[in-house]
Every structure is written in C-alpha cells, then in structure tokens.
Amino acid sequence: MQKLEVFGAKKLKGQVKISGSKNASLPILASTLLSRKKIFLNNLPKVKDIETMLILLESLGSKIKKNKNKIIIDNSKQKKTFASYNLVKTMRAGILVLGPLLAKFGKAKVSSPGGCSIGVRPIDIHLRALQKLGVKIKISQGYVIASAPDGLVGSKIHFSKVSVGATENLIIASCLAKGTTTLSNCAIEPEIQDLIKFLKSMGCNIKWISKRKLKIIGIKEVGGGKYSVMFDRIEAGTYLVAAAITHGNLKIYNIVPEIIKTEINILRKIGANVKVKKNLIHIIGNKKIRKVNIKTAPYPGFPTDLQAQIMVLLCKANKKSLIIEDIFENRFMHAAELNRMGAKISIKGNKALVNGNTNFAPAELMATDLRASVSLILAALCAKGKSIINRIYHLDRGYESIEKKLKKVGAKIRRLN
Ligand code: UD1
C-alpha cells in the first residue's frame, strides 16, 4: 500500500495551480446521462473519484474518450439502468445517476451507497423527493429499485434539510419531468451553480426564483454541449491553509476568489496576509496565529470539507479555539491522529476544543477519510522531522497530484510504494 513521507518544517513558497472541482465534476458527469448528444467536458481533475464515475458511466453504456483533463461523452447508445454495488460502494456520489436514469428511462436500479467513516449519510431526502415526482421506490438487497412507467411528473418539493446531493439529483431529474417542478430549501453550493450552468448550456430550463428556491420546466430532449468545470474550492482552501501554517508565501491561481470569501475572511482573522486579485490569491502566513471559533454550515457558511484542515492551523493559534461540526456527525477522526503528534484537542459530541500553541512532532499516521488525510499532511508539513502517512488512497480520491504540487513549492514530500 502506498504511503507518503513528509519532512517538515519548510516554508512553502511559489505558485499553485488549482485543479477542476471534484464535487462539481461528479454531478455534471452524472447529468450527461440525460443527453443523447455528444458532450465535451474540460478541466476535470485527475483524481480517483472521477475515474470511478467514468467507469460507472461506461458500465451504463456511455462511450467516453479521454485526453488529459478533457473528455468526450457520447450517450447516443446508452441504455443500461443498473449501477452496481461494487462501483457505488467506493464513491457515494454514484447515487447521483439515479435521477438522470429515472428521468430518461423511467426506471433504475442503483446500489444504496451506505454509510462511511464520517457519518451515516442516508439518502432518504433524495428518495422522498423522487417519490414526489411520481417515482415508486423499493429497497431490496441493498439496492434502490425505482420506477416511473409513465415518466416523471413535475411537483412542488421542499427539502426537509439542506442537502447538496439531494438538490443535485432532483435538479437533474426535473429537467426531463413533465411540467414544472419547484425545489425549495435547496443547497446553493457553488458546485450546484456550476451544475445548473452546465444543464442550461444543454438547453434545460432552470431558474432561481428566490435564494434557495428553483423553478425547473421540463423539456423533451436535452442537447449536447461543451463545458469547462469550475475550480476546486476545497483544494484552494487547503493550499491557503498550507501557506498559513508554514508561514509560507503562496500564489494560488486558476480560481475565482469571490467564491471563497468566507474562507478568506477566516484566514485574515487568524492573521494571514491575504491579497485578492482577479483569478489569484496571494497569501503570506504570519508567525502569530490568532484563535478563531468556527462552525461548519451549508454554503455560504464555512465548509465541512475544510474543517479538518483549519483544525490543524488552529492547533498553532495563540489561544483555545472552538470548532462546531454541524453537517456530519462523526467528522473528527483526524483529531486523535493530530493528538498523537502533540496537539491538544478534546472532542465532545460535535464540538472540538482546540488548544493552541502546538509544536507538532513527526509521527507515523493513518488517514481515515479524504479531508482527514490532507489534514495529516498539513500537520506533517510543520512537524520538524520525518512523518509517514498511511492509507493515502483516501487522498487520491480527491487531490490531484498533491505531492507534485507541494514539492514544487518547497515541501519535502514523496510517495513510497
Ligand atoms: C456533498 C459533498 C461532500 C460535502 C457535503 C456537505 C459531493 C460529492 N460531496 O456530500 O464533500 O462534505 O456535500 O457539504 O459533492 N442527509 C440526510 N439524508 C439525505 C441526504 C443527506 O440526512 O438523503 C444529511 C447527511 O447525512 C449530512 C447532511 O444531510 O448530515 C448534508 O449532506 P449532503 O449535503 O447531502 O452531503 P453530500 O451530498 O453527501
């Protein structure tokens, strides 16, 4: 199994190009199933989750040509409606093929994704909403067996909780439903805005009618198109933290700073010097790191996917900080590993009290999920000496060429087989 070896503590200096967004690419790829025309996609990140989604699409009959981070998808002969457990179990976003398959064929059998290390992660909100569009659902042997023999019919749907995945599945499904659908209490994450832009570019009729409410008028057929996926805001946030924590000096580019205002404000509060330009952020880390309290929340709140990374930074703050994790119930697994490196973090339910003034000591570490893995790299980057991070397959699910990007800005990091 591959590992990463990191020698801290080096200041990071230079430029980092941010890749395309994994979490925007996944629903966009799933939504291509709506179309029977050729679709050209650009700026997809080269990460494992995208590979898995492409394999899933191919298993459903999509013809895909890849060329670096561009792909051409041809769904003119795509007919299958079965998404297997083997593919969905490794990547929860596999459930996103349910909406488009139902919209196009009126039936689908998709493995239920099950829980994962950060929480139970049910799909009840997706299923209840699809039922409102006229879908009959049966759960059998771990599969969602769904059918709508007369097609989907537009409806008024209010999500009981803000869910990124459920909002995406329902937006996609509603594009081909008969009549008008309104979706309220929607997630408004930038990745959702990107999905909507893509669907509109293929002819779908989608409109925001208030902050969290969408109106979608079903169309008969979805066209083809060309689209470039947005930047990965979580990757960008991770490198901003890397600069702050190593008192480094990084220019992060290929981004839209406006989208990560919340994160920029937090980094400024902590004491980093952040200059914002058009498609670039220049950050200089300050020796003095100030405490800050954080609560994760749906966009535009602070993202749960950056909680682990900011926790590492707060371990270095001058005083105690409080982190409240309000999205997932079990997302502090990294805290125990950070404590093994000398951090003083105590967890009570969904609250983490992070004592500051930590001098991280190097250690051999175990990654538990995607964002937890990267938080261990961040801690290792400021621990003097050699750290080893095991189980980095989690990391490869969502960070493109992380060791190459870090090496380029001065980190001493390498992959061991
Ligand atoms: C997406 C992101 C993930 C991010 C999360 C929250 C992708 C591929 N993944 O995950 O990186 O951490 O948003 O920003 O884009 N819930 C239910 N029932 C449901 C659906 C969700 O109870 O049917 C709960 C979840 O368990 C969680 C909360 O709602 O507690 C939010 O989850 P959701 O926004 O749906 O996250 P994902 O779409 O799975």
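Order of listing sets the numbers, starting from 1, for every ligand and every atom in it.
- Between the choices G94, S21, A30, S163, the shortest heavy-atom distance to atom 35 (O) of ligand 1 belongs to S163.
- Using a 4.0 Å cut-off between a side-chain N of Lys or Arg and a carboxylate O of Asp or Glu, D369 and R391 do not qualify as a salt bridge.
- Within the listing of ligand 1, atoms 24 (C), 28 (C), 29 (O), 30 (O) sit less than 4.0 angstrom from a heavy atom of K161.
- Those atoms of ligand 1 with a heavy atom of T304 less than 4.0 angstrom away are 6 (C), 12 (O), 14 (O).
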task: Before giving the answer on salt bridge (charged side-chain N to carboxylate O under 4.0 Å, His left out), spell out for D326 and K351 the whole-Å C-alpha distance, their side-chain angles and the decisive distance to 0.1 Å.
output: CA-CA 9 Å; D326 238 7; K351 296 190 179 73; over 6 Å; no

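- In terms of polar-atom proximity, defined here as any N/O pair under 3.5 Å, V164 does make such a contact with ligand 1.
- Counting atoms of ligand 1 from 1 in the listed order, those under 4.0 Å from a heavy atom of R331 are 12 (O).
- Remark: ligand 1 and F328 share no N or O pair separated by less than 3.5 Å (distance only, no angle test).
- Atoms of ligand 1 lying under 4.0 Å from any heavy atom of I123, numbered from 1 in the order shown and given with element: 19 (C), 23 (O).
- For the residue pair L56 and G94, the shortest heavy atom distance occurs at CD2-CA, 3.8 Å.
- For the salt bridge (Lys or Arg N to Asp or Glu O under 4.0 Å) criterion with E221, the lone passing option out of K104, R36, K37 is K37.
- Checked against the 6.0 Å centroid criterion, the rings of F82 and Y143 qualify as a close aromatic pair.
- Remark: ligand 1 atoms within the under-4.0 Å shell around heavy atoms of G165 are 35 (O), 38 (O).
- Contact between P100 and L96 at its shortest, heavy atoms only, is CD-O, 3.0 Å.
- By the 3.5 Å distance cut-off applied to N or O atoms, A166 is not counted among the residues near ligand 1.
- Close N/O approach between E329 and ligand 1 is not found [any backbone or side-chain N/O within under 3.5 Å].
- The two residues A83 and V97 come nearest to each other via the heavy atoms CB-CG2, 4.0 Å.
- Between R212 and P298, the shortest heavy-atom contact is NH2-CB, 4.4 Å.
- In terms of N/O distances under 3.5 Å, ligand 1 is not approached by K22.
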